[in-house]
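Okay, so here's the structure we're looking at.
Atoms within each ligand, like the ligands themselves, are counted from 1 in listed order.
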Amino acid sequence: MNKVYSINRRRFLELFGCSCCSVFLGSCGTVPITERKQLTLYPESVINRQAANAYAKFKTKAKLIKTGQKLEDVKEIGKKIQEAVTIFFQKKGSKDPKKNFDWEYVLVENKKIKNAWCMPGGKIAIYTGILKVTKNKNGLASVMGHEIAHAVAKHSIERQSQALSIQVGTQIADIFLGGAINRTRNTVGQSTGLDIFKIGIMNPFGRKQETEADYLGLIFSSLAGYDIRESIKLWERMSEAKKGKEPPQFLSTHPSSKNRISNLKNWINEIIIKYPPIKV
Ligand SMILES: [Zn+2]
């Protein structure tokens, strides 16, 4: 493998280095591409099943958009990323980290919610509100690439493994209903004393995971043929939207590092060269 990170090798290791596995020898996984070691005590099959159940429940409660160009865009971007990533790992001759995924995409009708998420196993939701921020396919691909990266890098398994001693109930599914993220968080927190987002099947991810999802997300979008330079504009629009009456919920579930945009700027040119679009 050539030294793609050579320029920023030290910075790169600072961002992704991890010593968490030293205590749990044998329960350690490796994130594809970044090769960061991660704790994987929790079985993928279990978390994928929990997520699939939560997602099925979510779909019965949420107002979904069933037809139209916006939905087609979501599906098209998802499919392109999915296929490009599959071919990428095939060509590399390495194990496909998402081989147990059962991809699904929904577009949720809610203009007030500027959010998107991907549950373990490739269960994705985009809210119409965030389309005002993503603006175009490249912007939407940035968001979706980032979300897909969280799933491919198994960040939820890592989170769950870190919180294994804490029981997680089926009420997790309710988190997603209505999108009142912080309200749900506070309500559940008051009655149980738990911060369900820290132990749940998805949010919030830690800063290191966010950075990793930014990085892998760029790679995945680039492989799928999208213009990843748009990601900078996207995050600029995101912070602009923060000043408005309805700040993006996406930001509350995606703690932003102040270095986020400068990281993206550092990575983009290398990634465009190293991970060009894959012909499907
Ligand atoms: Zn994220």
Side-chain angles (χ1 to χ4, degrees), residues 15-16 18 31-34 36 38 47 51 54-55 74 77-78 81 85 97-98 101 103 105 108 113-127 129-131 133-134 138-160 162-163 172 175-176 179 181-182 185 195-222 224 226 228 230-239 241-242 247-264 267-268 271:
L15 289 170
F16 296 124
C18 169
V31 178
I33 301 171
T34 68
R36 180 175 67 87
Q38 62 181 173
I47 207 162
Y55 192 75
V74 167
I77 292 167
I81 293 179
V85 172
K98 49 172 196 51
F101 283 24
W103 296 95
Y105 305 89
V108 183
I113 299 183
K114 300 186 182 82
N115 207 357
W117 41 258
C118 178
M119 286 186 193
K123 306 293 194 192
I124 292 162
I126 309 290
Y127 293 77
I130 204 171
L131 301 179
V133 186
T134 58
N138 293 320
L140 184 53
S142 297
V143 165
M144 290 179 68
H146 176 99
E147 289 306 313
I148 288 171
H150 275 307
V152 171
K154 316 275 166 80
H155 285 161
S156 296
I157 295 175
E158 185 179 4
R159 270 300 203 218
Q160 193 76 328
Q162 288 162 345
I172 289 269
I175 296 166
F176 311 109
I181 289 173
N182 286 317
R185 183 182 209 166
D195 187 339
I196 49 169
F197 283 87
K198 285 208 174 111
I199 61 168
I201 52 178
M202 26 186 316
N203 293 314
F205 297 116
R207 190 147 287 179
K208 200 168 266 186
Q209 293 174 319
E210 283 305 323
T211 305
E212 192 168 63
D214 281 344
Y215 181 73
L216 294 174
L218 287 178
I219 293 177
F220 295 168
S221 307
S222 180
Y226 293 99
I228 60 173
E230 185 70 19
S231 63
I232 292 166
K233 293 180 197 153
L234 170 84
W235 283 105
E236 284 168 355
R237 288 197 291 271
M238 202 72 86
S239 43
K242 197 164 73 175
Q249 291 81 354
F250 193 76
L251 289 177
S252 66
T253 57
H254 287 79
S256 183
S257 126
K258 62 178 191 302
N259 298 322
R260 175 168 254 152
I261 290 178
S262 77
N263 281 340
L264 295 173
W267 293 331
I268 280 173
I271 288 176

Aromatic ring pairing W235/H146, orientation class (parallel under 30°, perpendicular over 60°, tilted between) | perpendicular

What N, O or S atom of H150 is found closest to the Zn ion (ligand 1)?
-> NE2

Plane angle bin for Y105 and W103 - parallel if under 30°, tilted between 30 and 60°, otherwise perpendicular = parallel

N, O or S atom of E210 closer to the Zn ion (ligand 1) than 2.8 Å = yes

Salt bridge check: are K208 and E158 linked by an N-O gap of less than 4.0 Å?
-> no

Is a side-chain donor-acceptor pair under 3.5 Å present for E210 with H150?
-> yes

Of all N, O or S atoms in H146, which has the smallest distance to the Zn ion (ligand 1)?
-> NE2

